[in-house]
Number of protein chains: 2
Amino acid sequence: MPRKKANKSFCSAARALEVLGDRWTFLLIREVVFGTRRFDEFVSHLGIARNVLTARLNALIDADILEQLPVRDDAVRTAYHLTEKGRDLLPALIALVQWGDRWLQTPDSIPIQIIERKSGKVLPPMRPLNRSGKALTLSDLDWTPGPGAADPRIAPLIAAYEKQRRIEPRPVPAPKKSKKEKST
Amino acid sequence: MPRKKANKSFCSAARALEVLGDRWTFLLIREVVFGTRRFDEFVSHLGIARNVLTARLNALIDADILEQLPVRDDAVRTAYHLTEKGRDLLPALIALVQWGDRWLQTPDSIPIQIIERKSGKVLPPMRPLNRSGKALTLSDLDWTPGPGAADPRIAPLIAAYEKQRRIEPRPVPAPKKSKKEKST
DNA sequence: CAGTATCCAGTTTGATACTG
DNA sequence: CAGTATCAAACTGGATACTG
């Protein structure tokens, strides 16, 4: 019996991917970011089945990531737009695109470059920063239980982490085998 | 007939989500980040079916995101570790977690906080920056075709974007309807 | 322990036809 | 144009039993 309905994940990113992780959903958001607004435009750009498109669009509206707004000069038609919540996906989307550009493309295959409108320059890679603006890597980070850490869906992992933290000071020590190949 | 095999997406982020977007895959990466290393640990933490776990782990190894390294003092056992490519997912994962924390959780339900190991302070939200370190929003950005823009899987979208760019100066103008509810 | 093999039910998809 | 309805085929996941 696939996919228990009750199994709502508790981790923020896992929850996020429950909405966004679908094969089509992300492409739809990309379309909207690029200005696609109408049902049949989605169909023709993506080749998505109409019933599937309906389902995805509704899921995104339910998730408050898209909204349907009336088109000016038209009493009937509507257009899909990002909500504030949808626009706030921007950092995650850019970080994901940049990772894909680094590791899944070759320099010659990158399809779209993200630039600053004013300067026309390509954005530098996003990195996690501390409050002073210093870039951090995995070994600079640590995790600490938040207010919701007691939830049984996450507690076992946290317990395991706390336990092995004493043995293994860093969450993920670099393995000895060094790697050279990039953008395979 | 679901899922055409040939339909490999071309967009970097869509490609990234073809690997990561699965319901389990992300949870597996989270486990590894937190130090889970062994097959049966994954099973017991996540309740994932063993055959599904095998498939996901192999997919991540094929994608060069995880690798299996020998365990010291053990000639037989192996342990799963992130590769460099896997560790480089960190910015995207953090951005996603932070979005989820903002929009999918309440202040009381946040399960884990990401802190700087040295200072113990919670990381500030990641944002796209320009080269001078200034934070950018959607309307500060623009998109320009890269070397691979001619690929038919992306060309229609780029063409549509270039066309409507003259009409709609900004990719996504803020809709007039203002919103107040957060973390619904 | 770390998987592999099998089974089957439930879910999802793409295609197609239809409606306001 | 913007969907809704229907359907068979394909995929997926969970459970279970088995192996080195």
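- Counting to the nearest Å, the P atom of C:dC1 and the CG atom of B:Leu57 are 16 Å from each other.
- Rounding to the nearest 0.5 Å places CH2 of B:Trp103 at 4.0 Å from CD of A:Glu84.
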_side-chain contact (heavy atoms from CB on, under 4.5 Å) for A:Met126 and A:Val97? Distances and angles first, verdict last._
CA-CA 10 Å; A:Met126 287 181 63; A:Val97 168; over 6 Å; no
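- Taking for each of A:Glu41 and B:Arg56 the nucleotide of DNA chain D with the nearest heavy atom, the 5'-most of the two is the partner of A:Glu41.
- Of the candidates C:dG14, D:dA2, C:dG3, D:dA2 carries the atom nearest the A:Phe39 side chain, counting heavy atoms from C-beta on.
- Across A:Glu31 and A:Thr36, no two heavy atoms sit closer than the pair OE1-OG1, 2.7 Å.
- The separation between B:Arg77 atom CZ and D:dG20 atom P is 17 Å, rounded to whole Å.
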Protein N or O to nucleotides 5-7 of chain C N or O, pairs below 3.5 Å:
unit_1: C:dT6; atom_1: O4; unit_2: B:Asn51; atom_2: ND2; d: 3.1

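- Out of C:dG14, D:dG3, C:dT4, the shortest distance to the side chain of A:Arg23 is found at C:dG14.
- Checking D:dG13, C:dT4, C:dT13 against every side-chain atom of B:Asp22, the shortest atom distance belongs to D:dG13.
- Heavy atoms only, all atoms of each residue included: A:Gln105 and B:Cys11 are closest at NE2-C, 4.1 Å.
- Between A:Leu129 atom CG and B:Glu116 atom CD the span is 10.5 Å, to the nearest 0.5 Å.
- Using a 4.0 Å heavy-atom criterion, one finds that A:Tyr80 contacts the sugar-phosphate atoms exclusively.
- Put simply, CG on A:Asp142 and CG on A:Leu136 are 12.0 Å apart, with the number rounded to the nearest 0.5 Å.
- Rounding to the nearest 0.5 angstrom, the gap separating the CD1 atom in B:Ile114 from the CG atom in B:Asp101 is 7.0 Å.
- One can place CG of A:Leu46 at 14 Å from P of C:dA15, the figure rounded to the nearest angstrom.
- Taking atom CG of B:Leu53 as the reference point, atom P of D:dT16 lies 17 Å away to the nearest angstrom.
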*DNA chain D base-pair string [pairs: Watson-Crick or G-U under 3.5 Å; |: paired with another strand]*: ||||||||||||||||||||
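- Residue A:Ile115 shares its hydrophobic cluster (ILVMFWY side chains chained together at separations under 4.5 Å) with A:Val122.
- Rounded to an integer number of Å, the gap from A:Asn58 CG to C:dT12 P is 15 Å.
- From B:Leu66, atom CG reaches atom CG of B:Asn58 across 10.0 Å, with rounding to the nearest 0.5 Å.
- Candidate nucleotides C:dG3, C:dA15, C:dC1 were compared by shortest atom distance to the side chain of A:Ala49, and C:dA15 ranks first.
- Distance CZ (B:Arg37) to C1' (C:dC1): 17 Å, rounded to an integer number of Å.
- Put simply, CZ on A:Phe42 is 12 Å from C1' on D:dA2, counting in whole angstrom units.
- In this entry the distance linking CD1 of A:Ile48 with P of D:dA2 reads 15 Å, nearest Å.
- Within the structure, a side-chain polar atom (N or O) of A:Thr54 is placed less than 4.0 Å from OP1 or OP2 of D:dT4.
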*Begin from the C-alpha positions of A:Glu67 and A:Thr83 and carry the test side-chain hydrogen bond (donor to acceptor under 3.5 Å, both in side chains) through to its verdict.*
CA-CA 6 Å; A:Glu67 60 187 337; A:Thr83 61; 6.0 Å; no
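- With distances taken from any side-chain atom of A:Arg38 to the nucleotides D:dT4, C:dA2, D:dC1, the minimum falls on D:dC1.
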